[in-house]
Amino acid sequence: MADAAPQRITDIGPPDFQQFLPPVVKANYGKWKYHEIVEPGVMVHVAESGDELYTIRAGSPRLLAIDTIRFYADLADKYCDGHLRFTSRHNVEFLTTKKENVAKIRAEIEANGNPVGGMGRSITSIVHTQGWVHCHSAATDASGVVKAVMDEVIDYFKEEKLPAKCRIALACCLNMCGAVHCSDIAILGIHRKPPRIDHKNLDKICEIPNLSASCPTAAIRPATVEGMPSVEVIEEQCMYCANCFTVCPAMPIADPENDGVSIWVGGKVSNARSEPQFSKLAIPFIPNNPPRWPEVTEAIVKIIEVWAANARPYERMGEWIERVGWPRFFKLTGIPFEKEHIDDFKHAGLSFKRSAHLTHEA
Amino acid sequence: MADAAPQRITDIGPPDFQQFLPPVVKANYGKWKYHEIVEPGVMVHVAESGDELYTIRAGSPRLLAIDTIRFYADLADKYCDGHLRFTSRHNVEFLTTKKENVAKIRAEIEANGNPVGGMGRSITSIVHTQGWVHCHSAATDASGVVKAVMDEVIDYFKEEKLPAKCRIALACCLNMCGAVHCSDIAILGIHRKPPRIDHKNLDKICEIPNLSASCPTAAIRPATVEGMPSVEVIEEQCMYCANCFTVCPAMPIADPENDGVSIWVGGKVSNARSEPQFSKLAIPFIPNNPPRWPEVTEAIVKIIEVWAANARPYERMGEWIERVGWPRFFKLTGIPFEKEHIDDFKHAGLSFKRSAHLTHEA
Amino acid sequence: MPKEYKTPKLDELEKGPWPSFVKEIKLAAKKSEMSNDLLGQLEQSYNEKLGHWKHGGIVGVMGYGGGVIGRYSDLPDKYPSVSHFHTIRVNQPSGWFYTSDALRTICDIWEKHGSGLTNMHGSTGDMVFLGTTTDHLEPVFKDLTEAGWDLGGSGSDMRTPSCCVGPGRCEWACYDTLQRCYDITMRYQDELHRPAFPYKWKFKFAGCPNDCVASIARADISVIGTWKDDIRVDADQVKTYADEGLDIFNDVVLNCPAKCMRYDGEKKEISIDNKDCRRCMHCINVMPKALRPGVEQGATILIGAKAPIVEGALLSSVLIPFLDIDDEEEFEAFCDLIEEMQDVWCEEGKNRERVGEFIQRVGMGNFLEAVGVEPIPEMVAYPRDNPYVFYEDFYEDEDE
Amino acid sequence: MPKEYKTPKLDELEKGPWPSFVKEIKLAAKKSEMSNDLLGQLEQSYNEKLGHWKHGGIVGVMGYGGGVIGRYSDLPDKYPSVSHFHTIRVNQPSGWFYTSDALRTICDIWEKHGSGLTNMHGSTGDMVFLGTTTDHLEPVFKDLTEAGWDLGGSGSDMRTPSCCVGPGRCEWACYDTLQRCYDITMRYQDELHRPAFPYKWKFKFAGCPNDCVASIARADISVIGTWKDDIRVDADQVKTYADEGLDIFNDVVLNCPAKCMRYDGEKKEISIDNKDCRRCMHCINVMPKALRPGVEQGATILIGAKAPIVEGALLSSVLIPFLDIDDEEEFEAFCDLIEEMQDVWCEEGKNRERVGEFIQRVGMGNFLEAVGVEPIPEMVAYPRDNPYVFYEDFYEDEDE
Ligand code: SRM
Ligand code: SRM
Ligand code: SRM
Ligand code: SRM
Ligand code: SF4
Ligand code: SF4
Ligand code: SF4
Ligand code: SF4
Ligand code: SF4
Ligand code: SF4
Ligand code: SF4
Ligand code: SF4
């Protein structure tokens, strides 16, 4: 690939993926017949030709030092003729045609601290975002919460003992970079205080009309403060989305006491059985409690256990709740139902229970 | 009841229903055990006591001359010890404990031109409104369209040969007095031209701020026209709902060439199986064509036939469409799908197909 | 002798097998010039595809604000007898039960004072007396009340409540619809006759989730019967249905929205996981001899249905999942809540804002708080799916 | 020697069985002062429950408008090595396939120019190089392009497309996700590198309705594989599944959303009414050896997904129900449509208005008209349920 060009190279795009495909993939490209999970975290794909390809999937922290990547590369060289891939949920997958290599790969990658699993009816890695590691917008950390949660649910990663897949995702603010809005369980960083306004600098660094327009609830109005053009925020109208801060740095919103985490459940992406769905609010607010966010992990474990104990086979979190009803979900998890759970945004009315389809306890 | 009181009697309310109940009803009040449709339009209710009550249901035009009501009363005297009732869909029901009276009642009421039926898996009377008979707001007639449609579908009234109940309703304007919005088939009078403005009188008979506020799309703005305070209508923003006319007589909207009828399908009220649902737009516009609205009756007959031929037992119109998908509905009925079918009001986005759940023709 | 109109268009609607409203108008026209002029004006509408009524004015009987809809022809010279053509809404008895005598009394009054045309019934539920003149309003009212009848609602008042036949003739009635409809009507006579609300306020009572009075689509307060305990199963009757050829599996089990039924085709036995049952009625509807609602019965109270104008149509939504509404104490509590809601809505509601729209505007959570009802998950189809929460309390830290 | 930070809070996160990001940062910190200062600043954030990054500024490489996210510490004096700490988004290869050599090249470049920390991968799909300074941007870019790599998107441009593993390793891929992802990426290099749209513009390619790349939730253009003809059934394998104890009736048939499957438990035979099948994948997922998608394969194109800000989250909605996207002509037509949509959106879209929000604002019907696509019922879950239709044509009668 490398090729010393005298002039500046631009717009070449990524390398053609073809050069990275293992030979067995090239040979059976588009001609796979079926697959089977042979043990937790290991599956075999069988081609129409009869060729077999084993995949060993290992959990990865996503935030990787280059030396860890090099370790993955070495392992691929050792057992996979130099081939590996990452998944859409940030796990690393080792690809080999040699069945006998499976156990060896498992042993070495586990020895490095990467569990094998995340396939089938399991919990796989948590899709997440930057948090305090790199983003200015975060209402919570990302990697820390993720690590704390995965430590608690790792058995569900390593074994297939759930009714169905359970996808967890985390986003550290309402921008939702992790696109957590369609997850079985979503962890969402959330502010709870209106932005503070840096009146001295606002007019210099932000455009006031754009800023006013950015607020979904029209809570921001142009105002002259101490002789300077600035804005005011009608606090009762603010729901802390931070869109104003995204548009204008002079509107900081982060606040240690009021930032924290909310928990959402029942979303899904796949079209399997039911249509894709948004996650719905389960717990409006849990304060940040680093380094291990114990209230968050506890709540998530509880939700998973209740679902696992009550759902039918193949029933994703949201499908189970949809069948038995939200009252049952709140009852079994012990989560209190509060005013905050009732939608009051644009389509609020559509979330009201507009039928007599109810369960009743005798 | 009548009782000559010297002073003005007010707020006495309706008579207590108790005095109108047939003895068998009084005796078995709340103690009915089951019912059976013994023949089209005739059912028997059996009480825990073993008592039986036969009901003969007959279609009625709803718009009744007092002499017709007297005829019903005479029939009730003859066979039902003077007892009868009307239904929530304006049919008349004769109530008797004597099985042998059933055939006689049927014969006499049919001879008067009232068909017996409307029970079970049938089409019953069309709930409707005033139209040109009495309302100032009508975009179509009510009784005439209803009569024309019922003439065509009367066999479905007289026999139980549909997959499930089919409720038809008509409202002559968007006020929807018939509450047609949850009907298997709804016929809705519709305007298609912005209101005309009687600038000379507007200010005298209407309050301009109220009038402006009445428009759901904010199409009405205060304006001075020829020196008089009045309003203007931004025509592109008007969707002809006539709410302005309801609030202000100086905004007439009816227009012979542009008024007509739209057809809606798939709504329901009951909680049986699926939750109650709104009807959805099937045909955006059919011009008024009195006295028999042939295009309307033809479209309705077609929709019913397609549903009857394709639905499974117990599947209401909307449940069938929901199962096979709207593309199938449009294909089988031959109704063209147009821009107007796609919602562009408040919750528009929620009506988009946000999944890959599609049927495809090979 | 009344003027004779040629009505070729309307005559077309005398033909055909369905009973004809034109025949009814002609029947009335024999005795009433009003009905005769109505015929003439209607034929003109049919020719022109245009109604000929003017926007209603305010007319009524003394001391009442509702019950009469003023109506005037816009062609009074041509059709003088319908130059005034007001309707009178007469409050029907619960469940639309009548005796022949009662009906005759009504007919006689209307023969004396109006067009002789009626709607049996209007779509809110009233008897509608179709067409009279202003000077007849007091006399007709006097005759009605003396005979024991009263007017129904119109305008921004409580509207005439209505109900399904319920315990009068239905095995599924889970509470006394007829009685509770009557009770509410009697209790709120003042609210019914004297408009004092932001907009109309409708009540409908259905005895079970089949909702034969369309309450969930048409009433601000929808009262729908339901039950708490297990569906009663008569196992022998299940077998009989199976033997008679009912496809229990496809027609019953597969249609259960809760997926909570199992059917053993060999033993012809049905089993229901009642804790998951949604009380939809389907299985009971299909097998009325074999299945019946449980015995612990009551009602679900829902709020807010309305027609589309202005913000789009609404169905009612759950306010109280289960109320033993036949119990006098619980009924009193229900009435207290009604009054509480009326107060809040009157105070905060905008003109022509139905309670359903009001709740959407102020937010269900805020509405519940104002009327003193705890939010519960039964009230929602699902909790919010957007993160735009108006948290009310936030901690202030020292340095602010 | 780098400064040594005490990090008791972060150290807690080295414990426990899941691989630790703290270990990774510490690993990188051995070689990089940037990573070391990151450790220090992060520990402070853990103590204060507050991030310490400033709002990003605009930095980048010459001629590109995207691919770099500027980032600055708000405690530059305390943590000088992260006073600049920009990320570089490096466009991943389709399907995230790598060779060990390719990965090593990348690692070497990043060792030379940055913190040595990465995300494999970012949630749009890029390799994310986590932290470098402004003066390193051009050099890292030079090294990358010379090695055959290029930057991904950021800002209001086309974002790095991504795709599921597809035909590379999945029996269900209904089109060539890897190739089409690559094709689109290469075709729109200019759009990817030079922001010129109202807002971001994301593409994701999933080979079948399982949507393993979450395209329907996260991409403005979601391409989801599907098929037209009948599900292929291997009857023997169905029997085998049944014999092995799969509860075909409860687990497969009862879960079919189209209710279009029947199972004969005695014969162990499945039958599918394919015309009603919704291509949901469930039955195939449960019995991969017995059932397979049909052979007439292609893709459904959907449009408009996005995260909640500002108007609420959206899922993509159907634009083209079936496209044989592997066919070159149909692919060209698809690209034409993409460009048409870009034009319309660029012209009429507001600043920071994603295409999904744009379509909702102008109305789907108007959008379709503007881009020259016929409305079809496949595009809607249901036709409108409100009567507020903006009819465009009305007849004018003479007297106006
Ligand atoms: C008489 C009446 C109540 C009244 O107080 O007047 C009534 C009476 C009965 N209804 Fe009803 N329903 C009556 C209006 C309704 C309505 C309201 C409406 O149409 O506006 C509905 C809701 C319709 C909807 O969903 O859009 C209604 C939905 C039902 C259902 C549910 C049907 C379904 O599958 O969705 C049943 C159950 C059944 O028939 O299996 C039912 C069942 C019944 C039963 C069998 C109840 C019983 O055991 O007595 C009664 C005879 C049924 C029949 O006609 O086939 N009734 N029923 C109404 C007769 C109207 C008419 O003249 O045709
Ligand atoms: C007579 C009746 C239609 C019928 O032929 O049956 C009727 C007739 C009128 N309705 Fe209605 N409504 C009638 C039942 C309904 C219903 C059905 C119901 O109550 O179950 C509805 C839909 C449910 C609802 O309330 O939402 C209904 C929704 C309306 C509306 C829209 C209200 C809204 O909130 O959207 C209006 C407009 C208004 O109030 O200004 C309206 C207004 C009117 C007016 C008063 C027209 C007006 O703007 O002044 C009509 C007088 C017609 C006339 O000349 O007699 N009518 N109206 C019904 C009353 C008879 C009765 O008392 O039994
Ligand atoms: C790095 C990454 C998160 C991660 O850790 O993986 C990321 C990070 C940021 N995102 Fe994102 N987004 C990232 C994927 C996403 C996704 C997921 C996806 O693309 O599949 C989404 C949701 C899907 C979508 O686009 O709607 C996403 C929705 C946003 C939004 C909200 C956009 C919206 O229309 O609602 C913003 C706000 C903005 O654009 O102003 C945002 C803004 C940002 C900014 C640039 C913050 C800002 O306001 O300047 C973040 C920079 C963080 C940092 O310091 O590095 N990011 N962002 C992801 C990109 C890595 C990559 O290229 O692979
Ligand atoms: C490797 C990967 C694609 C890639 O290109 O990277 C992948 C690979 C496979 N997916 Fe997936 N899916 C992958 C992300 C996803 C996602 C995306 C996500 O989670 O963000 C989804 C949508 C999730 C959702 O609905 O929220 C997804 C929903 C599915 C489903 C549908 C499950 C369901 O019942 O809803 C199946 C079918 C099944 O497992 O029965 C499936 C099945 C499969 C199969 C069996 C396909 C095959 O025959 O090879 C593969 C192994 C499954 C397994 O892990 O159990 N895959 N799969 C992704 C692995 C992520 C990871 O590391 O854990
Ligand atoms: S979710 Fe918010 S805080 Fe987290 S990376 Fe994205 S923009 Fe930054
Ligand atoms: S945080 Fe959101 S709601 Fe509050 S002022 Fe800013 S933009 Fe408006
Ligand atoms: S629907 Fe409209 S036109 Fe018909 S009676 Fe009601 S208000 Fe009048
Ligand atoms: S008809 Fe409706 S949309 Fe048109 S101006 Fe009147 S109120 Fe507004
Ligand atoms: S609503 Fe229920 S109780 Fe009332 S008549 Fe209908 S089926 Fe009977
Ligand atoms: S009433 Fe409805 S939900 Fe309950 S078991 Fe019967 S069919 Fe199922
Ligand atoms: S989306 Fe479909 S084709 Fe792609 S990997 Fe997932 S299951 Fe396979
Ligand atoms: S793919 Fe889905 S919809 Fe089609 S038959 Fe299988 S389960 Fe049913």
Side-chain angles (χ1 to χ4, degrees), chain A residues 174 176 181 188 190 192-194 216-217 236-241 255-258 262 264 266-267 277-282 284-285 312 321-331 337-362, chain C residues 209 211 216 222 224 226-230 257-260 274-280 294 296 298 300 302 304-305 311-312 314-318 321-322 356 359-360 362-366 368-369 375-397:
Chain A
L174 266 55
M176 280 205 192
H181 54 294
L188 179 64
I190 195 155
R192 289 193 316 153
K193 239 181 112 165
T217 61
E236 310 79 72
Q237 248 165 272
C238 173
M239 41 61 178
Y240 331 110
C241 71
D255 179 274
E257 296 313 308
N258 289 290
S262 55
W264 305 70
Q277 285 189 29
F278 291 129
S279 312
K280 315 295 189 308
L281 183 62
F285 184 75
R312 293 182 182 165
I321 300 174
E322 173 57 27
R323 179 172 58 80
V324 303
W326 285 94
R328 187 81 52 80
F329 170 82
F330 283 98
K331 195 181 161 194
F337 184 85
E338 290 160 306
K339 190 180 162 184
E340 285 78 12
H341 287 102
I342 307 180
D343 195 4
D344 51 8
F345 192 53
K346 276 199 314 188
H347 303 309
L350 298 170
S351 75
F352 299 173
K353 183 72 179 174
R354 301 205 184 264
S355 85
H357 276 207
L358 292 170
T359 57
H360 300 281
E361 318 259 327
Chain C
D211 198 357
I216 203 168
S222 318
I224 300 181
T226 191
W227 66 97
K228 271 188 158 178
D229 51 344
D230 293 358
K259 295 186 177 180
C260 70
N274 280 278
K275 82 170 186 316
D276 288 348
C277 166
R278 297 184 189 175
R279 280 69 179 167
C280 86
E296 203 182 329
T300 301
L302 305 94
E311 296 290 332
L314 297 176
L315 294 168
S316 287
S317 74
V318 174
F322 191 91
I359 293 173
Q360 293 204 161
V362 302
M364 164 85 90
N366 294 332
L368 292 173
E369 226 162 60
I376 50 172
E378 282 80 357
M379 294 168 176
V380 299
Y382 47 87
R384 69 164 63 234
D385 60 12
N386 63 73
Y388 298 155
V389 185
F390 292 89
Y391 292 99
E392 271 167 17
D393 309 303
F394 43 78
Y395 309 103
E396 293 291 342
D397 48 8

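From a predicted model like this one, the values you see are computed outputs, not experimental measurements.
Within the 4.5 angstrom heavy-atom criterion, atoms from both the backbone and the side chain of A/Leu350 approach chain C. Within the 4.5 angstrom heavy-atom criterion, only side-chain atoms of A/Leu174, from C-beta onward, approach chain C. Proximity to chain C is absent for every atom of A/Gln277, based on heavy atoms less than 4.5 angstrom apart.
Among the candidates A/Lys339, A/Glu340, A/His347, the residue making the largest number of heavy-atom pairs closer than 4.5 Å to chain C is A/Lys339. For the set A/Trp326, A/Phe278, A/Phe329, the count of heavy-atom pairs under 4.5 angstrom toward chain C peaks at A/Trp326. Most heavy-atom pairs under 4.5 Å with chain A, from the set C/Leu315, C/Asp211, C/Ile224: that is C/Leu315. By number of non-hydrogen pairs under 4.5 angstrom with chain C, the leading residue of A/Gly266, A/Pro284, A/Gly267 is A/Pro284. The candidate from A/Pro216, A/Cys241, A/Ser279 with the greatest count of non-hydrogen atom pairs under 4.5 Å with chain C is A/Ser279. Counting heavy-atom pairs closer than 4.5 Å to chain C, the top residue among A/Ser351, A/Ala356, A/Ser355 is A/Ser351. Of the listed residues A/Leu358, A/Thr359, A/Ile190, the one with more heavy-atom pairs under 4.5 angstrom with chain C than any other is A/Leu358. Ranked by heavy-atom pairs under 4.5 Å with chain A, the list C/Pro321, C/Pro209, C/Gly356 is led by C/Pro321.
Atoms OH and OH, on C/Tyr391 and A/Tyr240 in that order, are 9.0 Å from each other to the nearest 0.5 Å. To the nearest 0.5 angstrom, A/Asp343 atom CG is 10.5 Å from C/Met364 atom CE. Interatomic distance, C/Glu296 CD to A/Glu361 CD, rounded to the nearest 0.5 Å: 11.0 Å. To the nearest 0.5 Å, atoms CG (C/Asn386) and CH2 (A/Trp264) are separated by 6.0 Å. Taking NZ of C/Lys259 as the start and CZ of A/Arg312 as the end, the distance is 7.5 Å to the nearest 0.5 Å.
When side chains are defined from C-beta on, C/Leu302 does not count as touching A/Arg354, because their heavy atoms never get closer than 4.5 Å. By the 4.5 Å heavy-atom criterion applied to side chains, A/His341 and C/Pro377 are not counted as neighbours. Here the side chains of C/Val380 and A/Lys353 are not in contact, with every heavy-atom distance at 4.5 Å or above.
A donor-acceptor contact shorter than 3.5 Å is absent between the side chain of C/Tyr388 and the backbone of A/Thr217.
Applying the 6.0 Å contact sphere to NZ of A/Lys346 captures more than 12 heavy atoms from other residues, nucleotides or ligands.
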- Task: Show the numbers, then the answer: is there a side chain to side chain contact (heavy atoms under 4.5 Å, CB included) between A/Asp344 and C/Arg384?
- Result: CA-CA 8 Å; A/Asp344 51 8; C/Arg384 69 164 63 234; 2.8 Å; yes
- Could you go step by step and tell me if C/Ile359 and A/Phe352 meet the side chain to side chain contact (heavy atoms under 4.5 Å, CB included) rule? CA-CA 11 Å; C/Ile359 293 173; A/Phe352 299 173; 4.0 Å; yes
